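Okay, structure first, notes after.
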Amino acid sequence: MTAHPERLQDSPDLDRSDRPLPQHVAFIMDGNGRWAKARGLPRTEGHRRGLEALRGAVRHAGKIGIDFLTFFSFSSENWSRPPTEVSFLMGLLKRFIERDLSELHEANTRVRVIGAREDLDPGILALLQKAETLTKDNTGLTVVIAFNYGSRDEIVRATRKLGARIAAGELSPEAIDEELFDRTLDTAGIPDPDLLVRTSGEIRISNFLLWQSAYTEFHFSPLNWPDFDAQAFDAALEDFCARDRRFGGLSVKVV
Ligand code: FPP
């Protein structure tokens, strides 16, 4: 995919080089709690402002023509947070879907959800399914919400699915290859992220898209997620555009 300068006109800070833009950007939205603490506010206010930053990133991606955005909204490890914070995050997801779904749909945005569904409240599960069903034929930006998501858990669940097919005699172990495994993950049909952004200065992947990020470029922003605005998004994209992606081969510059 190549950059489309005409689609970058709303982004004056972005270097309009002819380097390819990422097709898929994934975000680890870290630092909501620190953002709030620095202002003497409850952690929940950091998450609320974090949702605003997510909305801003969706708008910006729509303007410049990125096809897929993935947001790590609740990890399978986040259940260990205080119950009040867990229930606030559940409520935030609910409000996001209830309030934003029609607008996303009108903007031709597709919503996908990745993560384990078993432990989710039936009301939230129904809302997530509604969002996916309503937007399934949309052809614009795809917003992937990683909720109750852990990459190791996703890999184990995929392995169990394949194991069950083998046990049922439908599949031979030799038929399992990278392509089939990829299609068995929650992210089936979603291209691997080209760029993964983590905010708040933490430099680790925290069980996010481990299989899918084999050749992903990483950008670590010092900003806390609620401060991650269009300018910071553009800085991450510029950083990405300057990278030489070789996918294990040789640079195109090398002859
Ligand atoms: C990490 O910051 C952030 C989270 C665990 C939740 C992220 C959620 C949102 C940004 C909004 C929710 C969006 C949806 C769609 C529900 P942290 O709390 O670990 O921050 P800290 O490391 O500074 O404490």
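Note that the structure is predicted; figures quoted are calculated from it, not measured. Start at 1 with the first residue, then count along the sequence. Values below: all heavy atoms of this structure, side chains included; hydrogens, waters and symmetry mates excluded. Note that ligands are numbered from 1 as they come in the structure, with each ligand's atoms numbered from 1 the same way.
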Backbone of Val111 reached by a side-chain donor or acceptor of Thr135 within 3.5 Å: yes
Among Ala53, Ser73, Ala36, closest by any non-hydrogen atom to atom 14 (C) of ligand 1: Ser73
Minimum non-hydrogen distance to atom 19 (O) of ligand 1, winning option of Arg81, Glu77, Arg34: Arg81
Check ligand 1 against [X] and write out every atom of the ligand that is under 4.0 Å from a heavy-atom position of the residue.
X: Gly50; answer: 10 (C)
X: Asn78; answer: 5 (C)
X: Phe96; answer: 15 (C)

With Phe27 via ring-ring contact (aromatic ring centres under 6.0 Å, His included) - residues at least two apart: Phe71, Trp225, Phe228, Phe233
Note: Asp100-Arg95 ion pair, threshold 4.0 Å (strictly below): no
Identify, for [atom], the protein heavy atom at the shortest distance, and state residue, atom and that distance.
atom: atom 3 (C) of ligand 1; result: Met29 O, 3.1 Å
atom: atom 24 (O) of ligand 1; result: Arg43 NH1, 2.9 Å
atom: atom 12 (C) of ligand 1; result: Leu92 CD2, 3.8 Å
atom: atom 20 (O) of ligand 1; result: Gly33 N, 3.0 Å
atom: atom 4 (C) of ligand 1; result: His47 CE1, 3.9 Å
atom: atom 10 (C) of ligand 1; result: Asn32 ND2, 3.2 Å

Side chain, backbone, both or neither: the part of Trp225 lying under 4.0 Å from ligand 1 by heavy atom: side chain
Pair His60-Asp229, side-chain donor/acceptor within less than 3.5 Å: no
Pair His24, Gln212: side-chain N/O donor-acceptor within cut-off below 3.5 Å: no
Close approach, Arg48 and ligand 1, non-hydrogen under 4.0 angstrom: no
Ser200 heavy atom under 4.0 Å from ligand 1: no
Spacing of CZ belonging to Arg157 relative to CG belonging to Asp186, to within rounding of 0.5 Å: 4.0 Å
Results of side-chain contact (heavy atoms from CB on, under 4.5 Å) for Phe220 - residues two or more places apart only: Arg198, Ile203, Phe218
Whether Phe247 and Tyr215 hold their rings parallel, tilted or perpendicular, with breakpoints at 30° and 60°: tilted
Aromatic plane relationship, Phe74 with Trp79 - under 30° parallel, 30 to 60° tilted, over 60° perpendicular: perpendicular
Of Ile190, Asp192, Val25, the residue whose pairing with Phe68 passes side chain to side chain contact (heavy atoms under 4.5 Å, CB included): Ile190
Any N/O pair Trp35/ligand 1 closer than 3.5 Å: no
